[in-house]
Amino acid sequence: MARPAPDTTRPTAVAVLDEAVCALAPDAGANRLVARIGAGQAPRSVFATFALEQHQVIAADRLSFRHLARRADGDPPVADFFDLLARGETLALERLAGLADACALTARDLAGYQPRPGCQAYPSYAARLALGAQPADVAIALTANFAAWGGYCAVVEAAMRDHYGFPEAARGFFGLFAEPAPDVEEQARAAVQHGLDTGQAQPAAAHRYGRLLQAYELMFWNSVDG
């Protein structure tokens, strides 16, 4: 018996994710601080501010990812994606310690820091998505955001080496995200494909979430810049 022809009208995770990355990419030059860091023109103090703010972002995002994993408990590919992200935040926090040390920040500095509202808008919105958005749609939105974030981190990591003379340990946080993450990409594809196959994923909603995540991402960087 001949096999039925594949249904080419159904979207695939690869196509949906590629479209989201392209459609939601920020405008060139939108991130003022990364451009200044890349040119070696930003003050060194922005790295201390970044570390202080990111310390709180990571803690919040890890909780959001864990909650999304619990909400997706009946959909293993989706839950696995968010479990992986939550574990990644733990590693990111470890790497951030190198930057905090290079900026002479103490545990007391981290604990007593009063965050800037513009820097904390991103994790606040991520928490909102964790509470009520379809997890598969959040996976699409985050994948688009991660593409922009990784590009920013690559620029900053290179500039820290070439213009600011930071040691490798201080650059480790940015290097972590600047490198390709095949495990994350694979898990994202599996999560989104599951969402498409089960009718849970709605790319239009995911794009709406992703557009705001990208805007809050830029707000974070520009708020670090003061």
Side-chain angles (χ1 to χ4, degrees), residues 3-27 30 57-92 120-153 176-177 179-220:
R3 295 181 179 178
D7 184 357
T8 58
T9 64
R10 292 180 61 188
T12 66
V14 172
V16 167
L17 290 171
D18 285 348
E19 180 185 10
V21 169
C22 292
L24 299 172
D27 293 337
V57 171
I58 290 171
D61 282 351
R62 182 167 54 184
L63 288 175
S64 294
F65 296 153
R66 287 174 175 170
H67 188 70
L68 282 158
R70 287 194 296 271
R71 287 185 57 213
D73 185 56
D75 300 286
V78 184
D80 290 346
F81 172 70
F82 288 109
D83 276 334
L84 180 62
L85 294 189
R87 294 196 302 272
E89 293 301 305
T90 298
L91 177 59
Q120 299 303 315
Y122 180 103
S124 298
Y125 184 63
R128 174 180 162 184
L129 294 180
L131 286 173
Q134 180 60 243
D137 291 335
V138 181
I140 297 171
L142 285 172
T143 297
N145 175 244
F146 291 164
W149 166 253
Y152 296 150
C153 287
L176 174 66
F177 294 104
E179 293 293 326
D183 290 348
V184 174
E185 295 170 3
E186 180 181 353
Q187 292 279 20
R189 289 192 295 268
V192 173
Q193 192 63 58
H194 178 82
L196 293 169
D197 292 344
T198 58
Q200 297 178 58
Q202 299 295 325
H207 280 225
R208 183 167 65 250
Y209 304 149
R211 181 179 61 82
L212 288 172
L213 282 176
Q214 297 288 55
Y216 292 137
E217 173 79 38
L218 289 172
M219 188 182 294
F220 170 85

If I take atom [atom1] from residue [X] and atom [atom2] from residue [Y], how far apart are they, to the nearest 0.5 angstrom?
X: Arg128; Y: Tyr209; atom1: CZ; atom2: OH; value: 8.5 Å
X: Leu218; Y: Asp27; atom1: CG; atom2: CG; value: 8.5 Å
X: Leu17; Y: Ile140; atom1: CG; atom2: CD1; value: 6.0 Å
X: Asp18; Y: Thr12; atom1: CG; atom2: OG1; value: 8.0 Å
X: Arg211; Y: His207; atom1: CZ; atom2: NE2; value: 12.0 Å

If every non-hydrogen atom of [X] is compared with every non-hydrogen atom of [Y], which pair is closest and at what distance?
X: Arg66; Y: Thr90; answer: NH2-OG1, 4.4 Å
X: Ala127; Y: Ser64; answer: CA-OG, 3.4 Å
X: Ala130; Y: His67; answer: O-CD2, 3.1 Å
X: Ala190; Y: Pro77; answer: O-CB, 3.7 Å
X: Phe177; Y: Cys153; answer: CB-SG, 3.8 Å
X: Ala188; Y: Thr143; answer: CB-OG1, 3.7 Å

Do the side chains of [Y] and [X] get nearer than 4.5 Å, heavy atoms only?
X: His194; Y: Gln200; answer: yes
X: Phe65; Y: Glu89; answer: yes
X: Val78; Y: Val192; answer: no
X: Glu217; Y: Tyr152; answer: yes

* **Asp197: partners by salt bridge (Lys or Arg N to Asp or Glu O under 4.0 Å), with sequence neighbours left out** => Arg10
* Given side chain to side chain donor-acceptor pair (under 3.5 Å), test Asn145 with Gln214 step by step and report yes or no. => CA-CA 6 Å; Asn145 175 244; Gln214 297 288 55; 2.8 Å; yes
* Ring centroid separation Phe220 to Tyr122 under 6.0 Å -> no
* **side chain to side chain contact (heavy atoms under 4.5 Å, CB included) evaluation trace for Leu85 with Val184** => CA-CA 8 Å; Leu85 294 189; Val184 174; 4.1 Å; yes
* To do: List the steps and the verdict of side chain to side chain contact (heavy atoms under 4.5 Å, CB included) for Leu68 and Phe81.
  => CA-CA 9 Å; Leu68 282 158; Phe81 172 70; over 6 Å; no
